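Some notes on the structure that comes next.
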Protein chains: 2
Amino acid sequence: MADIIIKNGYVLKMDQAGDIKRGVVVIEDGVITQIADRTHESADTIIDAQGSVVMPGLINTHTHAGMTLFRGYADDLPLAEWLEEHIWPAEAVLNDKDLYNGTLLACLEMIKSGTTTFADMYIHMDEVARAVEKSGMCAALSYGMIDLGDEVRGGSELKEGRRFVHRWDGGADGRIMAMYGPHAPNTCSREFLVKVKEQAMHDDANIHIHVLETEAELKQMKEQFGMCSVNMLDEIGFLDSSVLAAHCVWLSEGDIDILSKRGVNVSHNPVSNMKLASGIAPVPKMLDNGVNVSLGTDGCASNNNLDMFEEMKTSALLHKVNTFDPTVLPARQVLEMATRNGALALGLKTGVLKEGYRADVIIVDMNKPHLTPIYDATSHLVYSTKGCDVRTTIVNGKILMHDYETISLDEQKVMDAARDAAKDLFFRVNT
Amino acid sequence: MADIIIKNGYVLKMDQAGDIKRGVVVIEDGVITQIADRTHESADTIIDAQGSVVMPGLINTHTHAGMTLFRGYADDLPLAEWLEEHIWPAEAVLNDKDLYNGTLLACLEMIKSGTTTFADMYIHMDEVARAVEKSGMCAALSYGMIDLGDEVRGGSELKEGRRFVHRWDGGADGRIMAMYGPHAPNTCSREFLVKVKEQAMHDDANIHIHVLETEAELKQMKEQFGMCSVNMLDEIGFLDSSVLAAHCVWLSEGDIDILSKRGVNVSHNPVSNMKLASGIAPVPKMLDNGVNVSLGTDGCASNNNLDMFEEMKTSALLHKVNTFDPTVLPARQVLEMATRNGALALGLKTGVLKEGYRADVIIVDMNKPHLTPIYDATSHLVYSTKGCDVRTTIVNGKILMHDYETISLDEQKVMDAARDAAKDLFFRVNT
């Protein structure tokens, strides 16, 4: 007997195989065991997905979940003022409780908007992991390490990064994978990055790093090393398919070639890059050159939400207008970025609906005025749907939200705790 | 005794006067009669807006509502193929029933996402007007006239445009204003535009026109007249504050100067311009030069929804990244574009919450995970809110939706009728 059967839905597998217009998805022990037109199986829970799309949960490959506490705290400011006068002073006083409550709020928002797995890099990561554990989500977590060329600091940062990887990799019944998180090539010294790489290889762990988010980084790297971040990272043997590089806005054609050759995974964050006026990543060129590009929301301080549907639409629109070509990033390709490409980036067996894959499944309600009429589900999912159209979210075979009702978390309690944490946090910032 | 009192909400007036953190809005006979901290009035209906923002309804200044029937029908195509092989063949067979049902669906979507007034230019406009009448919304409607230099066609087009204005201006108890809708400077001859202008002045009616949406129009005008659309329109005395010019993507600095001097109202449609890869309108420059810029979604074939919250966020993001300046189009200014600037563009006494103004009011629910915590309501409304967060929509003093329940329309019936119309329409297209 299976655990869950989802029937009558439009099954969008995101696999090479075609969609099923009216199919069933069978789930047992956290895994998809059957996808077909019909099934003879029975299950404890039968979900009728009539009028809905059944698809892989979305994968957010770059965020700082705890930054939900900074949502809308400071916008529309010059980058330096935003960071130095608002974000950094607040981050400086963040404590364990803030990170737990902020991350739990992020998980709640993601569950409600159809994200089932996210990649996070931040601080107080034990609390982030505990929030993930509690929420039922899957996550690839990393402690954000910064040495600023200080060897002593580098030593203690790497120690903490390693402790986190060893403590949490495979945690929460396998829902957590732990990564190393050297912050960026301009906040970590070259020597430190070499050490991190060695440690990650030793632990067989992946690496999450910011790369060329801003022109300032590009200039700084060229001054310091006479080459850009990608060249420097390549020179020290840092780049391979275990690396998840966030942003990658200021890439040259040569950089794209290197990323492609080394199999580096890129997380594209269009909303954040637009809001902070960082620039426009050359995504169509990366895709044309075979780079695995996935999507991320970045933190709530620069977005200001975690809605991957919004990220999909924004990426499709941005690159069309930027290249003056309405055919680039068509809907299906954007959906791949938000699902299977994200899974590939993290090396996880999810992101497609396929037998033997992790049962991370969402059900999107298409019986809405703004989704009527319907010719092509793929188009609606990218151009018309919002996170609030997700009615059911299943992660690792467990139902976390059903018919818009969150099951794994008490919504009002999570919101109230985050509000209290935010109030307390900014009291500390201002005193 | 008043009709409606909305209490306990954060009152965002969008007026020069400040917001009220916890205030009341009193509505009587379709008009706002009081905005204050508290009231001694009583009313038939008391709405508790605790935890919500009470604000002016959004004004969508450029759409083709009936195109909801084409939502997701054709995307990601080269412009010529999209128009010639998909949109025009479908438009050629549109009938009255399609326009009624398609527009009713659009009205339903707009009511649910907080739009209270929209400006429309399309065909079969009697049916559009009847749908507006039925829905309870306010609209500025125009019959889209195209002569393509054919004098006979021009004569019958203007006749139909005039008939529509005379029939419907002030219709639906004053909720409908009628405008003249010459389609664009490259689909209407100069002589025809002169005649339309004369007629509009004679009837004291406003004009809705597409201007410089594409580079193709710019090139065509330069070839034909040795000058761009704005110069040509200015030369024939077409431009003044009664003109609503949609898109205005391909403007020179000189054009902006002319639009500003003549008091022309511009409707900015960022999502459509991005999706069709038309280009990026110089909105920050227009605003700096005192041009009244409002926001529109364009039709659902090129968006593919009518969510003005999405339009607000997209405009704020697009111009930040396009100018490499994160301070342009701050949240408050974008909210002005979507409310008071829209009202100014149409010459309507709405778009702000103010005594004596039309009671077009929406209540936005802020007790949501993606809107938690809250430091600044303005920021959330632009950067985090979606149309689906609107819980109550009041137009002309009547409650059209309350607590997410549409009152003026039967949701399922409207969706079913639109689906049937779409099915029937594409059966006709394909046979």
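Because the structure is a prediction, the values reported are computed rather than measured. The sequence lines fix the lettering, A, B, ..., with proteins before strands; numbering per chain opens at 1.
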Given that the side chain runs from C-beta out, which part of A:Ala316 has a heavy atom under 4.5 Å from chain B: side chain, backbone, both or neither?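 It is neither, since no heavy atom gets under 4.5 Å.
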
Examine whether an atom of A:Ile374 lies under 4.5 Å from a heavy atom of chain B, and if so say whether it belongs to the side chain, the backbone or both; otherwise answer neither.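 Neither part.
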
So which part of [X] gets closer than 4.5 Å to some heavy atom of chain A, the side chain, the backbone, both or neither?
X: B:His380; value: side chain
X: B:Val271; value: both
X: B:Ser278; value: backbone
X: B:Leu306; value: neither
X: B:Ala422; value: both
X: B:Asn304; value: both

Looking at [X] and [Y], does any basic side-chain N land under 4.0 Å from a carboxylate oxygen?
X: A:Asp416; Y: A:Arg419; answer: yes
X: A:Lys386; Y: A:Asp389; answer: no
X: A:Lys320; Y: B:Asp76; answer: yes
X: B:Lys275; Y: B:Asp75; answer: yes
X: B:Arg332; Y: B:Asp19; answer: yes

Highest number of heavy-atom pairs under 4.5 Å with chain B: which of A:Leu77, A:Asp325, A:Leu108?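 Of A:Leu77, A:Asp325, A:Leu108, A:Leu77 has the most heavy-atom pairs under 4.5 Å with chain B.
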
Heavy-atom pairs under 4.5 Å with chain A, option from [options] with the top count:
options: B:Glu411, B:Lys112, B:Gln412, B:Lys423; value: B:Gln412
options: B:Thr323, B:Asn367, B:Asn322, B:Val328; value: B:Asn367
options: B:Lys368, B:Glu109, B:Lys313; value: B:Lys313
options: B:Asp307, B:Leu329, B:Val382; value: B:Asp307
options: B:Asp420, B:Asn303, B:Asn273; value: B:Asn303

Any donor-acceptor pair under 3.5 Å linking the side chain of [X] with the backbone of [Y]?
X: A:Asn430; Y: A:Phe426; answer: yes
X: A:Ser302; Y: A:Ser272; answer: no
X: A:Thr214; Y: A:Glu217; answer: yes
X: B:Arg428; Y: B:Val93; answer: yes

Heavy-atom closest pair, residues A:Leu371 and A:Ser384: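 Reported closest heavy-atom pair: CD2-CB, 3.5 Å.
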
Pairwise distance CD(A:Glu405) to CG(A:Leu400) - rounded to 0.5 angstrom: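 Going from CD on A:Glu405 over to CG on A:Leu400, the span is 13.5 Å.
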
First locate atom CZ of B:Phe118, then atom CG of B:Leu58, and finally report the distance between them rounded to the nearest 0.5 Å.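 The CG atom of B:Leu58 is 14.0 Å from CZ of B:Phe118, to the nearest 0.5 Å.
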
As a test of understanding, state which of A:Asn60, A:Asn305, A:Asn269 forms a side-chain hydrogen bond (donor to acceptor under 3.5 Å, both in side chains) with A:Thr297.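 When side-chain hydrogen bond (donor to acceptor under 3.5 Å, both in side chains) is applied between A:Thr297 and each of A:Asn60, A:Asn305, A:Asn269, only A:Asn60 qualifies.
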
Would you please go through residues 66-73 of chain B and name the residues with a non-hydrogen atom below 4.5 Å from one of chain A, in numerical order?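 Expected list: B:Thr68, B:Leu69, B:Phe70, B:Arg71, B:Gly72, B:Tyr73.
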
